[in-house]
Colleague: 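One structure follows; several queries about it will come next.
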Amino acid sequence: MVKKTLVLALALCLLTGCSALLERTYATEEPHSSKFWESEAAGTLRAENHQDVVNDLLLLAGQHRETATLRLYDFKSEVAVADTLEAATMEVQQETPMGAYAVEFITTTSHAQRGYYEVAVRIGYRRTLEQLQAVVNATSPGAVYSLLAAALDGEKTELAVRMGYWGEDGQARVEDAISQLREERELTETTPWVVNYYPGPENPGLVEFLLDPPEQEGMPGEDGEAFSEEGEEPPAESGEGPSENGGTPEGGGGPGEESPDPSGDGEEPSPEAGDPGREE
């Protein structure tokens, strides 16, 4: 009787939801492997077309990698490889926000292998790894005011913001946020902040703010002329003044100095020449 009662109670528990106590959830974690990386070669990426090469280079730039190896598949000739590499490197450096912001140069050298072309890549940077890691993501220019305020509170000297959406009034909103914040923080009399748009001001994907730019001292004029402290051009070093030995700039003697003989023969004029100022 007792045995039947226990079996009945267990059945009731299963029917009323107590089965959740017996359920177990299992999860596994595996290292993420991007399709761009070669599985059997550490530090080597693969590409099959122009867009793959661009993605590989952006992946390297995001990690601040200075050297890497690419394997290009399905390319018909060395000319096709060279054209693709040239177009991809130019696109990354000039047309992408991160490339225009961080990359100084990209060089490539390719060699034909069996079934693919192996490319040695070298990337030079204009920004440090710390600067890349400090880039902030924002959905739109509406977040600029709060991000700049937080940067000032943290005593930061620069801020880089990756924009998800820009819009036609994006630049105006950024300028309004800067003006409002500088007025509120009583910074209107300080050196203006510098704002850089990458890859360009028309539709930037990344905006850089330099909050403590160096002061511009004595900007030279055209052709590198220097200016005096009053902002006027100093007099040119011409021969209008007296020379060091007291003579005139044309080489004439100063006071107490004999003028050179106009005849050029070095002889004194004879009395027979009839000096009009001499009494006979």
Colleague: Taking the six-membered ring of Tyr117 as reference, does the cationic atom of Arg71 (NZ for Lys, CZ for Arg) lie under 6.0 Å from its centre and within 45° of its axis?
Modeller: no
Colleague: Under the criterion side-chain contact (heavy atoms from CB on, under 4.5 Å), I'd like the reasoning laid out for Val79 against Val81: C-alpha separation, chi angles, the key distance, then a yes or no.
Modeller: CA-CA 5 Å; Val79 175; Val81 170; over 6 Å; no
Colleague: Would you give the length of the straight line joining atom CD of Gln131 to atom CD of Glu158, rounded to the nearest 0.5 angstrom?
Modeller: 4.5 Å
Colleague: For the CG atom of Leu181 and the CG atom of Asp176, what is their distance to the nearest 0.5 Å?
Modeller: 12.5 Å
Colleague: Are Glu48 and Tyr116 linked by a side-chain donor-acceptor pair shorter than 3.5 Å?
Modeller: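 Side chains of Glu48 and Tyr116: no pair found under 3.5 Å.
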Colleague: Under the side-chain contact (heavy atoms from CB on, under 4.5 Å) rule, what do Ile123 and Phe105 come out as? Steps first, then yes or no, please.
Modeller: CA-CA 6 Å; Ile123 305 177; Phe105 66 84; over 6 Å; no
Colleague: Taking atom CZ of Arg122 as the centre, does the number of heavy atoms from other residues, nucleotides or ligands within less than 6.0 Å exceed 12?
Modeller: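 Atom CZ in Arg122 is not crowded, with 12 or fewer foreign heavy atoms closer than 6.0 Å.
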Colleague: Might you confirm whether atom CD of Gln113 has over 12 heavy atoms from other residues, nucleotides or ligands at distances under 6.0 Å?
Modeller: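 More than 12 heavy atoms, drawn from other residues, nucleotides or ligands, come within 6.0 Å of this atom.
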Colleague: Under the side chain to side chain contact (heavy atoms under 4.5 Å, CB included) test against Trp166, which residue among Glu202, Arg173, Gln171 passes?
Modeller: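 Among Glu202, Arg173, Gln171, the one meeting side chain to side chain contact (heavy atoms under 4.5 Å, CB included) with Trp166 is Gln171.
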Colleague: How long is the gap from NE2 on His50 to CG on Leu85, to the nearest 0.5 Å?
Modeller: 10.5 Å
Colleague: Given a cutoff of under 4.5 Å between side-chain heavy atoms of I, L, V, M, F, W and Y, with clusters grown through shared members, what are the other residues clustered with Tyr101?
Modeller: Met98, Leu132, Val135, Tyr198, Leu206
Colleague: Indicate if Leu210 and Val195 have the same hydrophobic cluster label, given that clusters are the connected sets of ILVMFWY residues with side-chain heavy-atom separations under 4.5 angstrom.
Modeller: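 Leu210 does not cluster with Val195.
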Colleague: Can you measure from CG (Asn137) to CZ (Arg162) and round to the nearest 0.5 angstrom?
Modeller: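 Between atom CG of Asn137 and atom CZ of Arg162 there are 5.0 Å.
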Colleague: Identify the two heavy atoms, one from Gln93 and one from Glu104, that lie closest to each other, and give their separation to 0.1 Å.
Modeller: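 That closest heavy-atom pairing would be NE2-O, 2.6 Å.
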Colleague: Do Val194 and Tyr197 share a hydrophobic cluster (ILVMFWY, side-chain heavy atoms under 4.5 Å, transitive)?
Modeller: no
Colleague: Under the criterion side-chain contact (heavy atoms from CB on, under 4.5 Å), I'd like the reasoning laid out for Val121 against Leu57: C-alpha separation, chi angles, the key distance, then a yes or no.
Modeller: CA-CA 9 Å; Val121 178; Leu57 295 176; 4.0 Å; yes
Colleague: Mind checking whether Leu72 and Ile106 sit in one hydrophobic cluster, side chains of I, L, V, M, F, W, Y counted as touching below 4.5 Å?
Modeller: yes
Colleague: Work out which heavy atom in Ala143 is nearest to a heavy atom in Ala138; give both atom names and the distance.
Modeller: CB-CB, 4.0 Å
Colleague: Could you report the tightest heavy-atom contact between Leu187 and Trp193, atom names first, then the distance?
Modeller: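 For Leu187 and Trp193, the tightest heavy-atom pair comes out as CD1-CZ2, 3.8 Å.
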Colleague: How long is the span from the CG atom in Leu60 to the CD atom in Glu66, to the nearest 0.5 Å?
Modeller: 11.5 Å
Colleague: Check whether any side-chain N or O of Asp169 sits under 3.5 Å from a backbone N or O of Ala172 as a donor-acceptor pair, and report yes or no.
Modeller: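 Flag not set: sc Asp169 to bb Ala172 has no pair under 3.5 Å.
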Colleague: Would you mind reporting whether Glu118 and Thr69 have side-chain heavy atoms less than 4.5 Å apart?
Modeller: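 Side chain of Thr69 against side chain of Glu118, heavy atoms only: contact under 4.5 Å found.
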Colleague: Drop me the distance from Gln180's CD to Leu148's CG, to the nearest 0.5 angstrom.
Modeller: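 One gets 11.0 Å once the value is rounded to the nearest 0.5 Å.
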Colleague: Do Arg182 side-chain atoms and Thr190 backbone N/O form a donor-acceptor pair below 3.5 Å?
Modeller: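 Checking the backbone N and O of Thr190 against the side chain of Arg182, a donor-acceptor pair under 3.5 Å is found.
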Colleague: Do Ile178 and Glu183 have side chains that get closer than 4.5 Å, going by heavy atoms?
Modeller: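 A side-chain contact under 4.5 Å is absent here.
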Colleague: With a 4.5 Å limit on heavy-atom distance, are the side chains of Arg185 and Asp153 in contact?
Modeller: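 Result yes, sub-4.5 Å side-chain heavy-atom pair found.
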Colleague: Does His64 use its side chain to pair, donor to acceptor, with the backbone of Arg127 at less than 3.5 Å?
Modeller: yes
Colleague: State yes or no: do Val119 and Met90 share one hydrophobic cluster built from I, L, V, M, F, W and Y residues joined by side-chain heavy-atom distances below 4.5 Å, directly or via other members?
Modeller: no
Colleague: For Pro199 versus Gly205, what's the shortest heavy-atom pair and its separation?
Modeller: CD-N, 4.1 Å
Colleague: Determine, stepwise, if the pair Arg46 / Asp74 fulfils salt bridge (charged side-chain N to carboxylate O under 4.0 Å, His left out).
Modeller: CA-CA 11 Å; Arg46 61 177 295 136; Asp74 297 335; over 6 Å; no
Colleague: Run the side-chain contact (heavy atoms from CB on, under 4.5 Å) check on Leu159 and Leu147 step by step: do they pass?
Modeller: CA-CA 8 Å; Leu159 173 68; Leu147 291 175; 3.9 Å; yes
Colleague: For residues 78-95, pull every pair meeting salt bridge (Lys or Arg N to Asp or Glu O under 4.0 Å), keeping only residues two or more places apart or in separate chains.
Modeller: none
